[in-house]
Visitor: 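Attaching a single structure in structure tokens format; questions to follow.
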Amino acid sequence: VPLSPQSHFAAAPISPVFPQHLLMSPRCSHVVSPCPQAGLARCQREAEEVTELMRQNVARALEREGHLEQLQSRAQHLQQVSEAFTRTTQTVMRRQRRRHWQWHLIALSLGLLLLFILGLALVLALARSSPGTVTSTVPTPQRGTKHPPSTAGTP
């Protein structure tokens, strides 16, 4: 694509209003001075400033990297501690569940034993006074009295 005269990379047209020594440099955003040594010194100062900024940025990046390594080691330690905690809580939960079931079995056993004893007592009480067994009192003969003959076997 050919560059148009209005492009910011193209050289500015020379005009009587805009003197040639104040032309814009295509790489810098500042005005090029007429003295080349002053411009060179300014470019060196800017390069030194940029270099110093880059050094500071690299130092900060290394510092952050150290902090990230510390955070990563802390995170690994916390992960190990949390896994140990999880194992401990699972063990405690199993023990508590087992104790809970043991108490349920004990209560169930006692309840069944009590029910069995009550049932046995009820059966024995009913056996003693069951309505199917007739208890009759037969008078025993006394001396000197005669009992009339029994009519139990005659039709």
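This one's a predicted model, so the numbers in the text were calculated from it and none came from an experiment.
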Visitor: Would you compute the distance between atom CZ of Arg98 and atom NE2 of His100 and round it to the nearest 0.5 angstrom?
Guide: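 Spacing of CZ (Arg98) from NE2 (His100) equals 14.0 Å.
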Visitor: Would you compute the distance between atom CD1 of Ile106 and atom CG of Leu110 and round it to the nearest 0.5 angstrom?
Guide: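 The CD1 atom of Ile106 sits 7.5 Å away from the CG atom of Leu110.
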Visitor: Can you list the residues that meet the side-chain hydrogen bond (donor to acceptor under 3.5 Å, both in side chains) rule with Gln80, with sequence neighbours excluded?
Guide: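 Gln80: no side-chain hydrogen bond (donor to acceptor under 3.5 Å, both in side chains) contacts found.
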Visitor: Considering only Ile, Leu, Val, Met, Phe, Trp and Tyr, and joining two whenever side-chain heavy atoms are under 4.5 Å apart, list the other residues clustered with Val58.
Guide: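 Val58 clusters with Leu62.
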Visitor: Mind checking the CG-OG spacing from Leu124 to Ser129? Nearest 0.5 Å is all I need.
Guide: 11.0 Å
Visitor: Restricting to side chain to side chain contact (heavy atoms under 4.5 Å, CB included), what partner residues turn up for Leu78, sequence neighbours left out?
Guide: none
Visitor: So, using side chain to side chain contact (heavy atoms under 4.5 Å, CB included) as the criterion, who are the partners of Gln72 when residues are at least two apart?
Guide: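 Gln72 satisfies side chain to side chain contact (heavy atoms under 4.5 Å, CB included) with Gln76 once adjacent residues are dropped.
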Visitor: Residues in side chain to side chain contact (heavy atoms under 4.5 Å, CB included) with Glu52, at least two apart?
Guide: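 In terms of side chain to side chain contact (heavy atoms under 4.5 Å, CB included), with neighbours along the sequence ignored, Glu52 is linked to Arg55, Gln56.
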Visitor: Applying side-chain hydrogen bond (donor to acceptor under 3.5 Å, both in side chains), can you list everything that pairs with His77, at least two apart in sequence or on another chain?
Guide: none
Visitor: CZ/Arg94 to OG1/Thr89 distance, rounded to the nearest 0.5 angstrom?
Guide: 9.0 Å
Visitor: State the CZ-CD distance between Arg95 and Gln102, to the nearest 0.5 angstrom.
Guide: 12.5 Å
Visitor: To the nearest 0.5 Å, how far apart are CZ in Arg87 and OG in Ser82?
Guide: 9.0 Å
